[in-house]
Every structure is written in structure tokens, then in C-alpha cells.
Visitor: 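Structure provided below as C-alpha cells; questions to follow.
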Amino acid sequence: MSTTLVSLISMGMVGSVLAAGLVYASKKFAVETDPTADEIEEVLPGANCGACGYAGCRAFAEAAADGKAPVDGCPVGGVTVAKLVAQILGVEAVEGTHRKVAQVLCKGGRAEAKLHAEWIGPRDCRVAQNTQNGSFKACSYGCLGLGTCVAACPFDAMYMDENGLPVVIEEKCTGCGMCVRACPRDIIVLAEEPQGVHIRCRSLALGKDVRGVCSVGCIACRRCEKECPVNAITVEDNLARIDYDKCINCRRCVAVCPMNTIEYQEGKPVLKKKRAS
Amino acid sequence: MSLKTFFGGIHPKYAKELTAESPVEILSAPETVVVPMLQHIGAPAVPTVKKGDEVLAGQVIGEATQPVSAPVHSPVSGKVVAVTDRPHVNGRSVLSVVIENDGENKWVELEPHPDPVQLDRSVILDKIRAAGIVGMGGAGFPTAVKLRPPKDAAIDVLLINGSECEPYLTSDHRLMLESAADVILGAKLLAKACGAKKIVIGVEDNKRDAVAELKKHAGAIEIVLLDTKYPQGGEKQLIKAVTGREVPSNGLPFQAGVVVQNVATAAAVAQAVRDGKPLVERIVTVTGSVINEPRNFLVPIGTPLHNLIEAAGGFTEEPGKVLVGGPMMGMAQHSLDAPVVKTVNGILALSKGEAVVPEPLPCIKCARCVDVCPVYLLPLRLEAFGMHEMWDEAKEYGAMDCIECGCCTYICPSKRPLLHYIRVAKNQIVAMSRKQGN
């Protein structure tokens, strides 16, 4: 009897002393947190992807609470989160923030673009680009097709197709830009949602050189430039470039492109003018 | 007596017997030579000729306009047919002068000097610069720039690198055997140019015949036998082995009071100063298991790689991989149209079976890469940092000190691509510091 009692009492006493210590410590050494930042962190996606430019969601929440970061600074959360953050901070949400989606600006997969040799090293574009400039692929500007962007995507929004090109699943893409940073050849860009027309080539090589290595590359023939009714396309350094702010998605360039480099992505409203920036 | 050496390193299969006994054969220039303007580290040379111009052998066709650069000379006499981008052994397209060989081999007038050792330091330096000499061991750093370190650096030792630690290659070995006098004269001139009092030639002990040959001409020059171990010919490893001095982290050899030059560079310097002949030819080893008759050639710069392979009897079977350089640090080629440049010391063709890259397995932390790293790094950690984009950590762990010898990747029992990712990290660190500098 006495053993049980003694142990109960002694353990109980030790317990209460330690508990008192803990209570004191939690009061005395409490870390002050900004309640607004806590609230903002609650509504953020919590992916900690870093697309906002801060070291994770908490850092962004603190910056937003201090007014250092814009309320629509989270590209992953988009309009919904921007509105919630604005509500918490008691400011007006900026209307018309568009969702950004990653676009792969190369159509030269295994079927279209020539390979000089077979790549037998690690399946990583960064390594391949470091090895003789990725010259196993004949085009020195195009997609190396080893899937570094897919591995970098934190939202599972990309996959490699059978042709060896990355494909963005638009519904899943949050526009965080991790793939853009991962690509050693800079062929992925972020485009705002209603944009449907894309020039899918980054090659600065001369037209005849492009023809020699790829069947879908831009040869800088300038037909799109002439066709465009709003002067959204300019040809510079042997490459047609499109100004997404000017483009009205009329698709006339898509029709005239002899190499099928310019593409219209289905499922977008046609001829809808975007917000004036 | 144990031989001098450095910490770490590996003992790969050397396979030098394929070509070690084959004397250097002179290969005449092909009908068309392609001379790239970039054959060295630094700024490319600027072409001084245009399409349609007639050129003589030894004539300057590209001049150095930047401090770190080297002029380029025509290896043949003939007509310039194009000045355009052409494939280069580095995998890029580089501005090159394409010359149609008229077969007459007419040379510009050379300025020989019968007693070159008596020349002034500045005259020797000028002649080396004008001859377009660059480090011929592989890196291609302009020799004249390397001979003039900052004013406060006191150079007391000139090290001539005859170790040729890359497996398969024997071009330096044959050079030492056949042109030992040139190597010794070049060493004396180089020592005068950089102000070094002492000259040491380091040779691996698998080339004792070359040492004997050098000793016949050496005089006061010391010749040191080194352990046969890769990368014995690495600049910093050679300095450690021969002098016991260590080049500081992120530092250059002059900080240890040493200038290192390759034997081929020394021979080229001798020819430039004594005969006035610019650097327009070099010895190239053509070897590998799928080469019919592996051998050594003295070829004009600008000869396409396929000409050399044809001269060596072609391939016995379709190669799995063709490298320029040795198997450890060589560069894989996708096309045999690229020309020989000043830094090409060998062409190695491997069979399909030899060229297989095994699937990597997880790192088992056995630390064998740490044991062999000649610069005391932790390759396993650096690989992880490179793979996961932890650039700051990679820098902290000394990624920039990596000499890219590939010992870690060679020794790894899991066949991990260690060096591949250390290179990714190094490139990123350089890009980041450039961005911060702007």
C-alpha cells in the first residue's frame, strides 16, 4: 500500500513543480507574434514554394502584415487569396488580377528536332547543359527533354510526353515559376490566363540553321509580324517575339506561320481584350 | 625510396601501352583547315582576314585584342573561303577561319634567333605572346599572361609538367622522348621569362625512358620522378608533390611562388623563340579500343578530327563515345567535323560497352570520394548541394576549389554523378557572384 501511495504523492509533487515551471516559462519567455500575420498565414496555400520571393508562406505573411509585400503577392493563391489577405488587412483588393500559367516555348521534341547524339548521363537538363553546352541536341536553344522542370514542379502540374517535351497541366499550374527557374535554357515563361497565342520557339539561330535542325522552329520569315493587326509581334535577332499585353488572340499569325511554331491554346476566350496595364 | 606525390587520387587503367611505343608521325595538312578564333581561355581572337584573302602559313589570322587572349596563325598557305561559325570541340559553334590549302606550304618570313637564352626577358615574353602560345596540357591559358603574375608575387620555381597522368594519352611522353632538347630549352626560356631561379621537371615513374632522355640534355635542371597516380598532372597536385607547398584555397600557383607549364608548352616556346615559329601544329594521340591502329600524330591546328581517325585506320566498329582529351577529363564529341585546336592532346574512341553509364544507386556514405579527393573536399555533400540547389552551402563547403578531376565519380561504388552536380553548383556560384558584382 505504502509504496503505491509514496510513489503517487512523490510523482505528483514532481509533476506539479515542473508544471509550475513550464507555466512560468511560457509566460516569461513568450514569443510575440503578430496576430495579423498569423491570420494571413492561415489563408495562404502553405506550399512554401517561394514564388512570392519570400522564404516561405510565414515570411510572406509577416511582410504583408507590415505592408512590405503586396496583398496579391502570392501567385499560387491568385485572386481568391489576394481578396482574403486584403480583407484581413482592411484594404481594397486589386481587381482583375489574372492567374498566371507556365508556357513551354519549344515544340521541338524527339519527332521534330534533330539529335546529334544520345544523352547517356544523368537525366537532368542542368547537367546536360553543363556538358559541352548540351550539344547532344542539335538546336542549342531548344528543350533538352530530360525533365528537370517536371522534377522542380511542386504541384505535380507537369509531365513529360512521349515526344520528350514537358506539358503543363493548366488546371493544376499555379504560376509559381519553379519550372521557369529550373530550366537551364530559359524556354519556360509565365503568361497571364486569357493569353492563348504563343510563339513556341526561343532559337536565335538563322532561319536556314533552324530548318536544318528542327521542323517546327521559328525561321524569322516575318509573316506573323506583317499579319498582326495590333503590332503585337516583332522579329528581333532571328526570332519572332509576342507582346502579350498587346495581343488580342485573333489567331491570324497562327494561320500564316509556315513552320507551325505559333500555336493557339484551346479553351480560352477569343478576342477578349485584357485589362489595360 | 618512395616517390613524391600528393594526397588522394586514383589508379585507373592507364592503357598507355596502346601508343607509348609509336613514334610521332607527321600528318600533312588536309585540303581545308578550320581554325577557330577561340583556342584558349579568355577572349576570342578577332579575325584579321576576310573571305577571298590569300594567306601564308604562319601568318596572323586572328589578333588578340584583350589582355587575356592569344593570337591565332594560319597553319597552311592558301585562300580564305569563309569566316563563319563552325563546330568546336567544346560543343559550341565558334567563329572560325576556313582556309583552302593550296598545298604549297609557303611560309611567312620567320625570325630565328641562334642564341635565344641570351635574349631579354621582355623580348622572350613578346615572342611567346606573338606566337600565340597557350597552355597545351588542356586548359589553354595564354602562356604570356601566366608568366607575368602580379608584381608582389615572388616566383622562385618553374615547374615543367611532364606527368601526363591522364590514361591513354602519350603525346607528352613521345614529345619528351623525341624532342627532349626542345623541352629543356623551352624550360630555360620560360624560367627567364618568369624570373624563376630553379627549374624542376616532374615526370611520372611510368615514363622512365623519357626521364633518361631529358637527363641527357638537362644540365642543372632537376628532374623529379613522381608516383604514377591520377591527377598527378593537376597544377596544384604537382606543386604539392614536388615542392611540398600548398596553393591556398581559391588561390593561384603564383601565391606559392611557382609557375607551372606543360612540356608541350615548353617545346612550343623553344620553337617560337629560337625559330620564330608560331604555334600552328601539335602532337595528338589517337587511341582507344575501337581505333584500328592507335598512334601519335604531329598535325596542323585546324585539321578535322575525322582526318586523324582515318589516318589511324578508322574505327574497327561503331564507337560508343568519342572524346577529345583523356577518359577522365575529356570532352565527348557529337561530330567529328570539329577541328584540332591548341589544347587537344588526344582523341579517344571508346566502344559501346565501355561508354555505358550505369544507373546511379543511393549514396551509402562510404566516403571513398572523400578519401580520393586531391583537394580535400566532401564530394558527397557537394553533390547533394548541387542537386538541391543549395548554392550558399556548396560555396561554404569549397565547391570552387574543385579541380574537376573526376576521381570521386570514378571511385563511387554507387556510380553517382558526383562531379556532374559539383559542376552545376560551380557554374551557379559563378553566375551568382557575377550578378552581385553588377
Side-chain angles (χ1 to χ4, degrees), chain A residues 48-51 53 55-56 113-142 144 146-154 176-186 203-210 212-213 237-238, chain B residues 38 84-94 318-325 329-338 350 352-361 383 386-389 391-392 404 406 409 412 414-431:
Chain A
N48 286 322
C49 65
K114 218 171 101 185
L115 290 183
H116 277 319
E118 194 196 342
W119 173 252
I120 49 172
R123 308 286 302 168
D124 189 327
C125 302
R126 296 170 300 172
V127 172
Q129 179 66 21
N130 263 339
T131 311
Q132 274 77 275
N133 209 26
S135 63
F136 74 96
K137 180 140 185 164
C139 174
S140 51
Y141 300 92
L144 292 167
L146 300 176
T148 299
C149 49
V150 174
C153 181
C176 72
M178 293 300 274
C179 52
V180 177
R181 260 171 283 167
C183 180
R185 289 199 156 182
D186 284 333
S203 172
L204 303 180
L206 290 173
K208 68 171 167 58
D209 296 338
V210 173
V213 296
D237 301 334
N238 305 314
Chain B
L38 183 69
T84 175
D85 283 353
R86 284 296 174 96
H88 189 280
V89 290
N90 70 6
R92 293 165 199 260
S93 280
V94 169
E318 206 194 330
K321 203 183 217 176
V322 177
L323 296 155
V324 152
M329 292 189 78
M331 295 180 283
Q333 299 299 308
H334 62 72
S335 146
L336 297 178
D337 295 334
L350 298 172
K352 286 218 160 90
E354 288 169 325
V356 167
V357 176
E359 209 42 47
L361 295 166
E383 184 217 12
M387 199 179 267
H388 299 114
E389 313 198 349
W391 315 128
D392 293 337
E404 307 190 13
T409 314
C412 180
S414 289
K415 303 293 166 209
R416 294 196 63 75
L418 292 150
L419 174 58
H420 301 72
Y421 280 99
I422 299 177
R423 268 203 201 132
V424 169
K426 281 177 77 174
N427 279 10
Q428 198 64 34
I429 292 167
V430 172

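Just so it is clear: chains get the letters A, B, ... in the order the sequence lines come, proteins before strands, and each one is counted from 1. Quick caveat: nothing in here was measured; it's all calculated off a predicted structure.
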Visitor: Pick from B:Met387, B:Met331, B:Arg423: which one has the most heavy-atom pairs with chain A under 4.5 Å?
Guide: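 Top option by heavy-atom pairs under 4.5 Å: B:Met331.
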Visitor: A:Asn130, A:Leu115, A:Asp124: which one forms the most heavy-atom pairs within less than 4.5 Å of chain B?
Guide: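 Of the candidates given, the most pairs with chain B belong to A:Asn130.
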Visitor: For B:Asn90, is it the side chain, the backbone, both or neither that has a heavy atom under 4.5 Å from a heavy atom of chain A?
Guide: backbone
Visitor: Using side-chain heavy atoms (C-beta onward) and a distance below 4.5 Å, is B:Val356 in contact with A:Ile120?
Guide: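 The answer is no; the side chains never approach within 4.5 Å.
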Visitor: Are more than 12 heavy atoms, taken from residues, nucleotides or ligands other than A:Arg181, located less than 6.0 Å from that residue's CZ atom?
Guide: yes
Visitor: Taking all non-hydrogen atoms of both residues into account, name the closest pair between A:Gln132 and B:Ala332 and its distance.
Guide: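 Heavy atoms only, the tightest pair is NE2-N, 2.8 Å.
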Visitor: If you compare all heavy atoms of B:Gly386 against all heavy atoms of A:Arg126, which two are closest, and at what distance to 0.1 Å?
Guide: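 Closest heavy-atom pair between B:Gly386 and A:Arg126: O-NH1, 3.8 Å.
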Visitor: Grab the two heavy atoms, one from B:His420 and one from A:Pro122, that are nearest each other, plus how far apart they are.
Guide: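 Heavy-atom minimum between the residues: CD2-CD, 3.7 Å.
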Visitor: Check side chain to side chain donor-acceptor pair (under 3.5 Å) between A:Asn133 and all other residues, then give those that pass, not counting sequence neighbours.
Guide: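 Result, side chain to side chain donor-acceptor pair (under 3.5 Å) vs A:Asn133: A:Gln129.
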Visitor: What residues form a side-chain contact (heavy atoms from CB on, under 4.5 Å) with B:Val430, not counting sequence neighbours?
Guide: B:Met400, B:Arg434
